**Q** 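Right, I'll just put the structure down here and ask away after.
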Amino acid sequence: MWEFWVRSLDASTIFLIAGLGELFGQRSGILNVGVEGVMLFGATLGFITAQMTGSYMLGFVVGIAIGGLLGFLHGVFSISLGGDQVVSGMGIWILGFGLTTYLGSPFTGPLGMERIPTIFGLSPFFYVGIILAAIIYFVLTRTSLGLRIRSVGENPAVAEVSGISVSKTRYLCVTVGGMLMGFAGAVYALDYNPVWSYNFLLGWGFIALALVFFSMWNSLFLLAGSLLFGTMWQLSLSPELVLPGVLSRYVWRMIPFGITVIVLLFMSTKRFRTRWGAARPEALGQPYLKE
């Protein structure tokens, strides 16, 4: 039973880190639906680097770097060119889905390195995720930088008139957000499931994306949601440990994605938008071109 909860927390960590990256970008008004693609790049290139060099550190550095690069490129299309943010994000996902399959195929199989040591029985990245959630909450709610980010996400025109550089603030957020997504992918490939295979993330990026909306753009709520979804994901993999003989494991595996769809449908209703709409950054998904 202890192993079930440990694996649940491990899964929660990945949802949390990827979700924090998306949340940080969305608070500045930039939507990136390509979380899955960024995570695939971070996971695959981090895995390849670690296996070729024998260094976990280099694997994580590459995963973070490629995530930051993709975040920046998404910013170029969405901020500088004023393009459709959903189209750009979907492009990143499609590119990640195809290119990582090509790049990773020769490395199919286990990582072949000694596992990363735990701290008090838990992955060290669980503690990293908790710290990151606290830092982002503090930055967004207690600092002048956070005020600038929230201002840009609410009304970029007013923020620009107030002397805030909308483009620089948004570039900062999407780049840092991309780094966190790439880091989450690397954690998945190097710690949670160090065996590369075709499309091995299995939709985790889309769950992380849904969790941002589920959290109402609050990193502490995102932490709670990640713990819930991480537990449900692990339950879908090992239902016999908690509820032996209750439904097929294939039905359990549908539950996290089914709940994700239900949450998104609920949040799209008029009642939810009316009651909780204030939590959503007003300029989310809307391009801003300085006149």
Side-chain angles (χ1 to χ4, degrees), residues 1-24 35-36 38-40 42-43 46-47 50 55-64 67-68 110-111 113-140 176-196 200-212 214-215 218-239 241-242 255-256 259-260:
M1 194 66 177
W2 170 248
E3 182 181 355
F4 170 82
W5 293 113
V6 168
R7 295 294 287 174
S8 297
L9 293 177
D10 288 345
S12 301
T13 299
I14 298 166
F15 291 137
L16 174 62
I17 296 174
L20 288 172
E22 176 66 12
L23 183 147
F24 200 65
V35 181
E36 179 91 355
V38 179
M39 290 179 67
L40 277 170
F47 184 95
S55 170
Y56 276 116
M57 182 62 69
L58 286 177
F60 285 114
V61 168
V62 169
I64 293 170
L111 181 62
M113 296 172 60
E114 186 176 347
R115 296 298 296 266
I116 297 173
T118 61
I119 300 177
F120 302 117
L122 298 175
S123 167
F125 301 106
F126 171 72
Y127 305 103
V128 172
I130 299 295
I131 293 171
L132 286 173
I135 289 174
I136 288 181
Y137 178 82
F138 178 80
V139 168
L140 290 176
V176 171
M179 292 170 69
L180 290 174
M181 295 174 202
F183 178 46
V187 171
Y188 181 96
L190 299 179
D191 184 60
Y192 179 80
N193 181 30
V195 180
W196 195 93
F200 65 149
L201 283 180
L202 301 173
W204 282 42
F206 291 105
I207 293 178
L209 175 64
L211 278 170
V212 175
F214 176 79
S215 71
N218 183 303
S219 62
L220 299 185
F221 290 168
L222 177 62
L223 170 59
S226 298
L227 292 172
L228 173 62
F229 272 71
T231 301
M232 289 193 300
W233 182 268
Q234 194 58 37
L235 180 61
S236 72
L237 296 179
S238 308
L241 294 178
V242 181
I255 291 177
I259 293 179
T260 299

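The model shown is predicted, which means the values in this text are computed figures rather than measured ones.
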**Q** When rounded to the nearest 0.5 angstrom, what is the spacing between CG in L222 and CZ in F229?
**A** 11.0 Å
**Q** With a 6.0 Å cut-off on ring centres, are F47 and Y188 close enough?
**A** no
**Q** Please tell me if the side chains of L227 and F15 come closer than 4.5 Å, counting only heavy atoms from C-beta onward.
**A** no
**Q** Looking at CG of L223 and OG1 of T13, how far apart are the two atoms once the value is rounded to the nearest 0.5 Å?
**A** 9.0 Å
**Q** Write down the atom of E22, the atom of V35, and the distance for their closest heavy-atom approach.
**A** OE1-CG2, 3.5 Å
**Q** About how many Å separate CG of L235 and OG of S8, when rounded to the nearest 0.5 Å?
**A** 8.0 Å
**Q** Using a cut-off of 6.0 Å, state whether more than 12 heavy atoms not belonging to F200 lie near its atom CZ.
**A** yes
**Q** Is F120 close to Y127 at the side-chain level, that is, under 4.5 Å between some pair of heavy atoms?
**A** yes
**Q** Which pair of heavy atoms, one from S219 and one from Y137, lies closest together, and at what distance?
**A** OG-CB, 3.0 Å
**Q** Locate the shortest heavy-atom distance separating A208 from A18; write the atom from each residue and the value.
**A** CB-CB, 3.8 Å
**Q** Using atom types as modelled and distance alone, determine if a side-chain donor or acceptor of E36 lies under 3.5 Å from a backbone N or O of G203.
**A** yes
**Q** Judged by atom type as modelled, is there a donor-acceptor pair below 3.5 Å linking the side chain of S55 to the main-chain atoms of A50?
**A** no
**Q** Measuring from atom CD1 of I130 to atom CD1 of I135, what distance do you get when rounded to the nearest 0.5 angstrom?
**A** 11.5 Å
**Q** Looking at S226, is its backbone amide N or carbonyl O close enough to the side chain of S12 to form a donor-acceptor pair, meaning the two atoms are under 3.5 Å apart?
**A** yes
**Q** Can you name the nearest heavy-atom pair linking I119 to P124, along with the distance?
**A** CD1-CB, 3.8 Å
**Q** Which residue is it: L180, I17, L201? I am looking for the one with a side-chain contact (heavy atoms from CB on, under 4.5 Å) to M39.
**A** L201
**Q** So, R115 side chain and D191 main chain: donor-acceptor pair closer than 3.5 Å or not?
**A** yes
**Q** Begin with the C-alpha distance, continue with both residues' side-chain angles, and end with the deciding distance and a verdict on side chain to side chain contact (heavy atoms under 4.5 Å, CB included) for L190 and F60.
**A** CA-CA 8 Å; L190 299 179; F60 285 114; 4.0 Å; yes
**Q** Could you please spell out the steps behind the side chain to side chain contact (heavy atoms under 4.5 Å, CB included) verdict for V6 and F126?
**A** CA-CA 10 Å; V6 168; F126 171 72; over 6 Å; no
**Q** Grab the two heavy atoms, one from G185 and one from A43, that are nearest each other, plus how far apart they are.
**A** O-CB, 3.1 Å
**Q** Mind checking whether Y192 and F125 have side chains closer than 4.5 Å, heavy atoms only?
**A** no
**Q** Does some side-chain heavy atom of T118 sit less than 4.5 Å from a side-chain heavy atom of S123?
**A** no
**Q** Between I207 and W233, is there a side-chain heavy-atom distance shorter than 4.5 Å?
**A** yes
**Q** Roughly how far, to the nearest 0.5 Å, is CG of L140 from CG of L20?
**A** 9.5 Å
**Q** Report the distance from atom CD of Q234 to atom CZ of F4, rounding to the nearest 0.5 Å.
**A** 6.0 Å
**Q** How about W196 and L111: do any of their side-chain heavy atoms sit closer than 4.5 Å?
**A** no
